[in-house]
J.: 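Have a look at this one before I ask anything.
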Amino acid sequence: MWSSCARPRHPWLSGWVLVWLVGATVTFAGEPRNEPVLPIPTCTAMDGEKVRLGKRLYHDVRLSANNAMSCATCHPLDGWGMDGIPLSTRVDGVSNTLNTPTVFNALFNIGQFWNGRVTSLEDQIEESVRVEMGSNWNDVLRKVAQDDAYRQSFARVYRGGVQAVNIRDAIAEFERSLITPNSRFDRYLRGDDQAITPLERQGYELFKKLGCVSCHQGVNLGGNLFHRSGVFTTLETGEPPGDAREQDRMAVTGASEDARVFKVPTLRNVTRTAPYFHHGDVATLEEAVMLMARGQLGRGISVAERDLLIGFLGTLEGALYGECR
Ligand code: HEC
Ligand code: HEC
C-alpha cells in the first residue's frame, strides 16, 4: 500500500514548481499526511471499570505461583512496558530465551509474542500466567476470590463474578488502554509541520528511501508482519541462547521457510526500550540500526546516516497512556 503513496521525485523539480509546491504545503498545513506510518489514536475508548480492575490484577503478585511476581515485574509501566534486561527469569528460576517486548501498543500487533503464536491478548495472558508466573487458574481464582475488594469489583463488572475468563478479560482491557499517543512524529503525521525538526524529517525520508519502512510500517512501525531476522547477515553478536531458535515462526507454522522468522518489532518508543532484538544482546540503538542496515538491507550506512535515522526514531516517543484515561 505504502509505495503507492510515495511522492515521485523529478530531477526537473525546481524554480517555480518548487515555489508552487512550497505554497501548496503551506496551504494544506494541518491536513493529515498520506504516509506508510499511521498515528496512534489519541484514545482507545475502554470500559473504565474493567480497566481499573485489570490494572490491579496486572500489578498483583498473587497471579504467580510464589506470590512474588506480577505482570509488572517484567513489564513495568514506568519502564516503558519492559524490563530493560536482555533476558528475564521466570518464577521457577528458569531464564527466558527471548527478550521481553513492551506491553505498550501491543493491542495494535497482528499477534502476540515474538513468533505471533497467539492472536488475542486474552490467550497471551493465559500463557503468561502459566509459563512466566508458574501458576494455574485454580490457585489464581482461590487467591483472587479471597479478596473482598476483588469480589465486589468483579460482581459489579461481570455477571459471573470472579472467573478465569473474566480475569483475562479485565487484564486484556487494561492492556488495550496502554497506548503512547501524541508523539512528535504523530503530530507531524496529523499535519503539524513544526512538530519535528528538518533533520528529523530527513531521518524519516532516509528511513523510507533505504527501505526500513518496508518492514517497519503501520501504526506500530512493526507488529503487522513477520520477517526473517538476518536476511543478508546474522544479527547475532554472540552465541544465540539455547532454544531461541525453536521459538521462531516455524514453531507455529511448521514451514521451513519460517525458520529464523519473527514478528517485526514495533519501533514506537524504541529509544527507550533497549536492549534490542529477540535475543536482547544488542545494548545500543546505534548498534541495532547498523545491524539492521547490514542484516536486513544488505548495505552499510555511514555514521551520519545512522544518526539521522536515530534522530527520526526519537520522534516516535509518545505520551504514556491515551487522553481518555
Ligand atoms: C518473567 C517475566 C514475564 C512476566 C512475569 C510476564 N511476561 Fe509478558 N513477556 C515476557 C517475555 C519474555 C515475552 C516474550 C515471549 C515470547 O515472545 O515468546 C513476553 C510477551 C508478552 C506480550 C507480547 C508482546 C508482543 O509484542 O509480542 C505481552 C502483551 C505480555 N507479555 C504481557 C504480559 C502480561 C499481561 C503478563 C501478566 C499476566 C505478563 N506479560 C507476564 C516476560 C514476562
Ligand atoms: C526485511 C525487514 C526489515 C527491514 C528492511 C528492517 N527491519 Fe528492523 N527489524 C526487522 C526484524 C525482523 C527485527 C527483529 C530482529 C530480531 O529480533 O532478530 C527488526 C528489529 C529492529 C530493531 C530492534 C527493535 C527491538 O525492539 O528489538 C530496530 C531498532 C530496527 N529493526 C530498526 C530498523 C531500521 C532503522 C531499518 C532500516 C535501516 C530496519 N530496521 C530495516 C525487520 C526489518
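From a predicted model like this one, the values you see are computed outputs, not experimental measurements. Note that ligands are numbered from 1 as they come in the structure, with each ligand's atoms numbered from 1 the same way.
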J.: Which residue and non-hydrogen atom of the protein lie closest to atom 32 (C) of ligand 2, and at what distance in Å?
T.: M292 CG, 3.5 Å
J.: In terms of residue, atom name and distance, what is the protein heavy atom nearest to atom 17 (O) of ligand 1?
T.: W114 N, 2.7 Å
J.: Using 4.0 Å as the upper bound for N to carboxylate O, is an ion pair formed by K209 and E205?
T.: no
J.: Below a 4.0 angstrom heavy-atom separation, can you tell me which part of L285, side chain or backbone, both or neither, approaches ligand 2?
T.: side chain
J.: Nearest protein heavy atom to atom 13 (C) of ligand 2, by residue and atom, and its distance?
T.: P265 CD, 3.2 Å
J.: Which of the numbered atoms in ligand 1 are below 4.0 angstrom from a heavy atom of E175?
T.: 29 (C), 32 (C), 35 (C)
J.: Counting only heavy atoms, tell me which of C74, S128, S88, A251 gets closest to atom 4 (C) of ligand 1.
T.: C74
J.: For the 3.5 Å polar cut-off, considering only N or O atoms, please tell me whether T273 and ligand 2 meet it.
T.: no
J.: Which atom name does H216 have for its N/O/S atom nearest to atom 8 (Fe) of ligand 2?
T.: NE2
J.: Charged N to carboxylate O below 4.0 Å: is that the case for E127 and R117?
T.: yes
J.: So if I apply the side-chain contact (heavy atoms from CB on, under 4.5 Å) rule between V270 and each of L285, L221, T102, which one comes out positive?
T.: L285
J.: Any idea which protein heavy atom is nearest atom 16 (C) of ligand 2, and the distance to it?
T.: H278 ND1, 3.3 Å
J.: Check each of N105, L189, N182 against I40 using the side-chain contact (heavy atoms from CB on, under 4.5 Å) test, and report the only one that passes.
T.: N105
J.: Check whether the side chains of D60 and S70 place a donor and an acceptor atom closer than 3.5 Å, and report yes or no.
T.: no
J.: Of the protein's non-hydrogen atoms, which lies at the shortest distance from atom 18 (O) of ligand 1, and what is that distance?
T.: R117 NH2, 2.9 Å
J.: Which is it for L297 and ligand 2 at heavy atoms under 4.0 Å: side chain, backbone, both or neither?
T.: side chain
J.: Is there a heavy atom of T100 sitting under 4.0 angstrom from any atom of ligand 1?
T.: yes
J.: Among protein heavy atoms, which lies nearest atom 24 (C) of ligand 1, and at what distance?
T.: Q112 OE1, 3.5 Å
J.: May I ask you to decide if the ring planes of Y188 and Y204 are parallel, tilted or perpendicular, using 30° and 60° as cut-offs?
T.: perpendicular
J.: Does a sphere of radius 6.0 Å around CZ in R294 hold more than 12 heavy atoms from other residues, nucleotides or ligands, not counting ones at 6.0 Å or beyond?
T.: no
J.: So is L63 in contact with ligand 1, going by heavy-atom distances below 4.0 Å?
T.: no
J.: Would you mind running through ligand 2 and noting each atom that sits below 4.0 Å from a heavy atom of G211?
T.: 5 (C)
J.: Please check: side-chain N/O of S64 versus main-chain N/O of A68, any donor-acceptor pairing under 3.5 Å?
T.: yes
J.: From atom 25 (C) of ligand 2, work out which of F232, F312, F262, Y276 has a heavy atom at the shortest distance.
T.: Y276
J.: Are side-chain N/O atoms of Q247 and T97 paired as donor and acceptor at under 3.5 Å?
T.: yes
J.: Need the ligand 1 atom indices (1-based, order shown) with element for anything under 4.0 Å from a heavy-atom of M69.
T.: 1 (C), 5 (C)
J.: Which residue supplies the protein heavy atom nearest to atom 28 (C) of ligand 2, what is that atom called, and how far is it?
T.: L267 CD2, 3.5 Å
J.: Tell me the nearest of A172, P101, S64 to atom 19 (C) of ligand 1, using heavy-atom distances.
T.: P101
J.: Taking the cut-offs as 6.0 angstrom to the six-membered ring centre and 45 degrees off its axis, would you call R142 and W137 a cation-pi pair?
T.: no
J.: Any side-chain donor paired with an acceptor under 3.5 Å for S183 and E317?
T.: no
J.: Identify, for atom 35 (C) of ligand 1, the protein heavy atom at the shortest distance, and state residue, atom and that distance.
T.: Q124 NE2, 3.4 Å
J.: Only heavy atoms count here, so choose which of L121, L98, I110 is nearest to atom 12 (C) of ligand 1.
T.: L98
J.: Counting non-hydrogen protein atoms only, what is the nearest one to atom 7 (N) of ligand 1? Give residue, atom name and distance.
T.: H75 NE2, 3.0 Å
J.: When you compare the side chains of S120 and Q124, does any donor N or O come within less than 3.5 Å of an acceptor on the partner?
T.: no
J.: Please report which non-hydrogen protein atom sits nearest to atom 36 (C) of ligand 2, along with the residue it belongs to and the distance in Å to one decimal place.
T.: C212 SG, 2.8 Å
J.: Check this for me: does any side-chain nitrogen of one of D47 and R176 sit under 4.0 Å from a carboxylate oxygen of the other?
T.: no
J.: Using a distance-only test with no angle check, is there a side-chain donor-acceptor pair under 3.5 angstrom linking D169 and Y158?
T.: yes
J.: Of all the non-hydrogen atoms in the protein, which one sits nearest to atom 1 (C) of ligand 2, and at what distance?
T.: C215 SG, 2.7 Å
J.: Check for a donor-acceptor pair, side chain of R249 on one end and backbone N or O of N115 on the other, with a separation under 3.5 Å.
T.: yes
J.: Tell me the protein heavy atom at minimum distance from atom 38 (C) of ligand 1, and give that distance in Å.
T.: C71 SG, 2.6 Å
J.: With respect to atom 8 (Fe) of ligand 2, please indicate if Q296 possesses an N, O or S atom at a distance under 2.8 Å.
T.: no
J.: Within the structure, does F113 bring an N/O atom to less than 3.5 angstrom of an N/O atom in ligand 1?
T.: yes
J.: Does T89 reach ligand 1, in the sense of a heavy atom lying below 4.0 Å from it?
T.: yes
J.: Specify side chain, backbone, both or neither for K263, according to which of its non-hydrogen atoms lie closer than 4.0 Å to ligand 2.
T.: neither
J.: If we check salt bridge (charged side-chain N to carboxylate O under 4.0 Å, His left out) with R33, which of these qualifies: D192, D186, D193?
T.: D193
J.: Are any of the N/O atoms in N115 less than 3.5 Å from those in ligand 1?
T.: no
J.: Indicate whether the side chain of N67 and that of K143 have a donor and an acceptor atom separated by less than 3.5 Å.
T.: yes
J.: Under a 4.0 angstrom heavy-atom cut-off, which atoms of ligand 1 come close to N109?
T.: 25 (C), 26 (O)
J.: Within ligand 1, which atoms have a heavy atom of S70 less than 4.0 Å away?
T.: 5 (C)
J.: For atom 23 (C) of ligand 2, what is the closest protein heavy atom, and at what distance to 0.1 Å?
T.: F277 CE2, 3.5 Å
J.: Under a 3.5 Å threshold, yes or no: a donor from one side chain and an acceptor from the other, between N109 and N220?
T.: yes
J.: Has E257 got more than 12 heavy atoms of other residues, nucleotides or ligands less than 6.0 Å from its CD?
T.: yes
